[in-house]
Asks: 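Submitted below is the structure of interest, expressed as structure tokens.
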Amino acid sequence: MARTRRQILDALQDGPVTGPALATALDISRSAVWKHIEALRDAGFTVESGPDGYELTATPEFGGLAVAAGLSAPYRIVYEPSVASTNAYARDIAQDGADRTVVLADEQTGGRGRLDRSWASPSGGIWLSILLRPSIPPAVVPRLTLGAAVAIAETLQDLDAAVGIKWPNDVLTTDDERKVAGILTEMEGEADRVSWVIVGIGLNANIDPAALPSGATSLRALIGDVNRAAVTRTILDRFHTYTTTPDRILSEWRAHALTLGRRVRIHRHDETIVGQAVDITDTGALQVDTGETVVTVTAGDCEHLRPVE
Ligand code: BT5
């Protein structure tokens with residue numbers, strides 16, 4: 001059903017198409033075409049009937065079909081106006097065998113960050129989880145997280161938002177380092193092979209910063225409200241491209257990193273490491289030069305420090 005509607009929307013992207021032409025192209029009856037057009041209108045699409053056929057003149061700002069229409073990445077989109085957590089939802093459908101599926105929500109009531117921290121997710125944001133079953137070992141999964149951070153940073157930069165990436169996965173404003181987006185990657189698998197990976201992306205889009213924790217900001221505050229469907233689509237398409245060209249991820253990540261060359265304090269478990277962030281490894285670990293040795297950090301919280309006077 002959703003697939004046919006997506007095909008109809010794709011067909012309408014380049015201009016008007018007649019009902020009979022759609023029926024032939026999709027191998028369905030004319031009355032089925034009409035029912036799908038009505039369903040699209042119900043979903044918020046403006047489809048006008050003119051002398052040249054059906055014409056798509058407006059799409060809704062957000063929603064599953066709004067994102068799916070024109071999406072190049074081979075992902076199925078499941079949209080829910082409100083969920084507890086898109087990552088939790090994606091986990092549930094992973095148990096049922098789903099793959100290449102994006103769970104998307106306007107609002108989360110129980111959004112989660114790393115280490116079970118809470119993630120504020122009011123209506124107006126872009127909260128999504130990409131569920132994949134890549135044939136890769138668990139050790140290289142962090143690279144997907146870096147790829148997602150690069151996809152977000154590049155998409156926002158194209159919208160003239162000045163942002164960069166703090167290791168491992170925060171997208172921050174370059175001037176005052178407020179957080180615009182975060183990523184939570186979860187996976188299940190064995191030593192040599194991943195069963196599934198869920199890359200959860202939280203992007204503060206059309207939200208008042210007052211509704212967010214201190215230290216956070218939103219696209220509304222930085223560049224004004226955005227078309228969330230278009231932004232989501234661009235992020236997904238970019239992310240998909242990076243998954244197919246993983247060798248590019250590290251160089252692009254380095255180009256957008258705010259952390260490299262900075263003095264950092266890393267908190268991991270009950271240990272603190274202070275030093276100069278010098279590079280990342282092939283699997284996305286941060287290398288910190290403490291002055292005595294170079295420590296490779298695979299996970300932890302990173303704080304940017306002022307340079308030593
Ligand atoms: C993250 O964790 O940055 C990962 C956030 C992932 C959220 C997405 S939304 C879709 C998917 N479904 C989910 O349930 N989660 C994912 P972390 O690095 O641990 O940062 C968490 C910290 O960021 C919190 O302790 C707060 O200080 C802060 N924070 C909470 N909500 C925020 C927001 N909306 N914007 C910026 N910072 C926030």
Side-chain angles (χ1 to χ4, degrees), residues 62 67 75 77-94 101-132 141-142 144-149 151-153 156 161 163-173 176-187 196-222 228 231-232 235-236 239 258-259 264-269 284 286 297-304:
F62 205 40
V67 170
Y75 301 151
I77 314 275
V78 177
Y79 174 74
E80 295 285 337
S82 179
V83 287
S85 153
T86 56
N87 266 41
Y89 192 120
R91 257 175 186 277
D92 283 349
I93 60 172
T101 302
V102 175
V103 180
L104 179 70
D106 172 54
E107 171 195 69
Q108 294 183 121
T109 53
R112 287 277 157 252
R114 292 176 301 147
L115 304 173
D116 221 25
R117 295 175 189 133
S118 75
W119 180 260
S121 318
S123 170
I126 296 175
W127 322 121
L128 66 85
S129 301
I130 307 162
L131 165 64
L132 300 174
V141 165
L144 292 179
T145 311
L146 302 184
I152 298 167
L156 301 191
V163 296
I165 305 169
K166 184 177 82 159
W167 182 85
N169 55 18
D170 288 354
V171 178
L172 309 179
T173 53
D176 52 4
E177 303 211 328
R178 278 172 300 154
K179 186 157 165 174
V180 188
I183 302 165
L184 172 66
T185 300
E186 299 179 279
M187 66 165 184
W196 52 253
V197 178
I198 293 169
V199 181
I201 294 177
L203 169 57
N204 302 324
N206 303 339
I207 298 173
D208 280 336
L212 297 169
S214 66
T217 191
S218 66
L219 295 184
R220 173 174 288 173
L222 295 175
R228 284 182 297 166
V231 170
T232 306
I235 291 173
L236 293 176
F239 174 75
L258 299 172
T259 305
V264 296
R265 184 185 291 132
I266 309 285
H267 306 271
R268 68 167 179 191
H269 312 301
L286 188 67
V297 191
T298 51
D301 280 313
C302 171
E303 217 183 308
H304 289 165

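Residue indices begin at 1 and follow the sequence shown. Whatever order the structure lists ligands and atoms in, that order sets their numbers, starting from 1. Not measured: the values here are computed from a predicted model.
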Asks: Counting each atom of ligand 1 from 1 as listed, which ones have a heavy atom of Arg112 under 4.0 Å away?
Replies: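 In order of number, 5 (C), 6 (C), 7 (C), 13 (C), 14 (O), 15 (N), 16 (C).
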Asks: To the nearest 0.5 angstrom, please state how far the CG atom of Leu115 sits from the CG atom of Asp301.
Replies: 6.5 Å
Asks: Only counting residues at least two apart or in another chain, list the ones meeting side chain to side chain donor-acceptor pair (under 3.5 Å) with Asp106.
Replies: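 Once residues adjacent in sequence are excluded, the partners of Asp106 under the side chain to side chain donor-acceptor pair (under 3.5 Å) criterion are Ser123, Arg228.
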Asks: Just let me know how Val180 lines up against ligand 1, side chain, backbone, both or neither, with a heavy-atom cut-off below 4.0 Å.
Replies: neither
Asks: Which of the numbered atoms in ligand 1 are under 4.0 angstrom from any heavy atom belonging to Thr86?
Replies: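 By the 4.0 Å cutoff, the relevant atoms are 10 (C), 11 (C), 12 (N).
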Asks: So between Glu186, Arg114, Lys179, whose heavy atom ends up nearest atom 20 (O) of ligand 1?
Replies: Lys179
Asks: Hey, is Leu115 touching ligand 1 through its side chain, its backbone, both or neither, going by heavy atoms under 4.0 Å?
Replies: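 Near ligand 1, Leu115 shows nothing, with every heavy atom at 4.0 Å or more.
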Asks: Is it true that a side-chain atom of Asn204 and a backbone atom of Thr217 form a donor plus acceptor pair closer than 3.5 Å?
Replies: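 Side chain of Asn204 to backbone of Thr217, a donor-acceptor pair under 3.5 Å: yes, one is there.
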Asks: Any nitrogen or oxygen of Ala120 lying under 3.5 Å from a nitrogen or oxygen in ligand 1? Just yes or no.
Replies: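 By distance alone, the answer is yes.
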Asks: Are Glu186 and Arg91 ion-paired here, with the side-chain N under 4.0 Å from a carboxylate O?
Replies: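 Salt bridge present between Glu186 and Arg91.
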Asks: Heavy-atom distance from atom 34 (N) of ligand 1 to the protein below 4.0 Å?
Replies: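 Answer yes: something from the protein, a heavy atom, is under 4.0 Å.
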Asks: Tell me: protein heavy atom nearest atom 12 (N) of ligand 1, and distance?
Replies: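 Ranked first by proximity to atom 12 (N) of ligand 1 is Gln108 OE1, 2.9 Å.
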Asks: Any donor and acceptor pair, going by atom type alone, linking the side chain of Trp127 with main-chain N or O of Pro122 inside 3.5 Å?
Replies: yes
Asks: Of all the non-hydrogen atoms in the protein, which one sits nearest to atom 37 (N) of ligand 1, and at what distance?
Replies: Trp119 CZ3, 3.6 Å
Asks: Provide the closest heavy-atom pair for Ser121 versus Gly111 in the form atom of the first, atom of the second, distance.
Replies: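 Taking Ser121 first and Gly111 second, the nearest heavy atoms are OG-CA, 3.9 Å.
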Asks: Is there a donor-acceptor contact under 3.5 Å from the side chain of Trp167 to the main chain of Gly284?
Replies: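 Pair found, side chain donor or acceptor close to backbone of Gly284.
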Asks: Would you mind listing which atoms of ligand 1 come within a distance below 4.0 Å of any non-hydrogen atom of Ala216?
Replies: 35 (N), 36 (C), 37 (N)
Asks: Which atoms of ligand 1 are found less than 4.0 Å from any heavy atom of Ser118?
Replies: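 Those of ligand 1 that fall under 4.0 Å from Ser118 are 24 (C), 30 (C).
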Asks: Look only at the side chain of Ser218 and the backbone of Ile207, and say whether a donor-acceptor pair between them is shorter than 3.5 Å.
Replies: yes
Asks: How far is atom 19 (O) of ligand 1 from its nearest protein heavy atom, and which residue and atom is that?
Replies: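 Nearest neighbour among protein heavy atoms for atom 19 (O) of ligand 1, to 0.1 Å: Arg117 NH1, 2.5 Å.
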Asks: State the atoms of ligand 1, each with its element, that fall below the 4.0 Å cut-off from a heavy-atom position in Gly111.
Replies: 14 (O)
Asks: Calculate, to the nearest 0.5 Å, the distance between atoms CZ and CG belonging to Arg112 and Leu184 respectively.
Replies: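 Here the rounded value is 10.0 Å.
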Asks: By number and element, which atoms of ligand 1 are closer than 4.0 Å to a non-hydrogen atom of Leu212?
Replies: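 Listed by number with element: 34 (N).
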Asks: If the cut-off is 4.0 Å to any non-hydrogen atom of Asn204, which atoms of ligand 1 fall inside it?
Replies: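 Checking each atom against Asn204, I get 33 (C), 34 (N), 35 (N), 36 (C).
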Asks: Please confirm whether the backbone N or O of Val103 pairs with a side-chain atom of Glu80, one donor and one acceptor, at under 3.5 Å?
Replies: no
Asks: Counting only heavy atoms closer than 4.0 Å, does ligand 1 sit against the backbone of Ile183, its side chain, both, or neither?
Replies: backbone
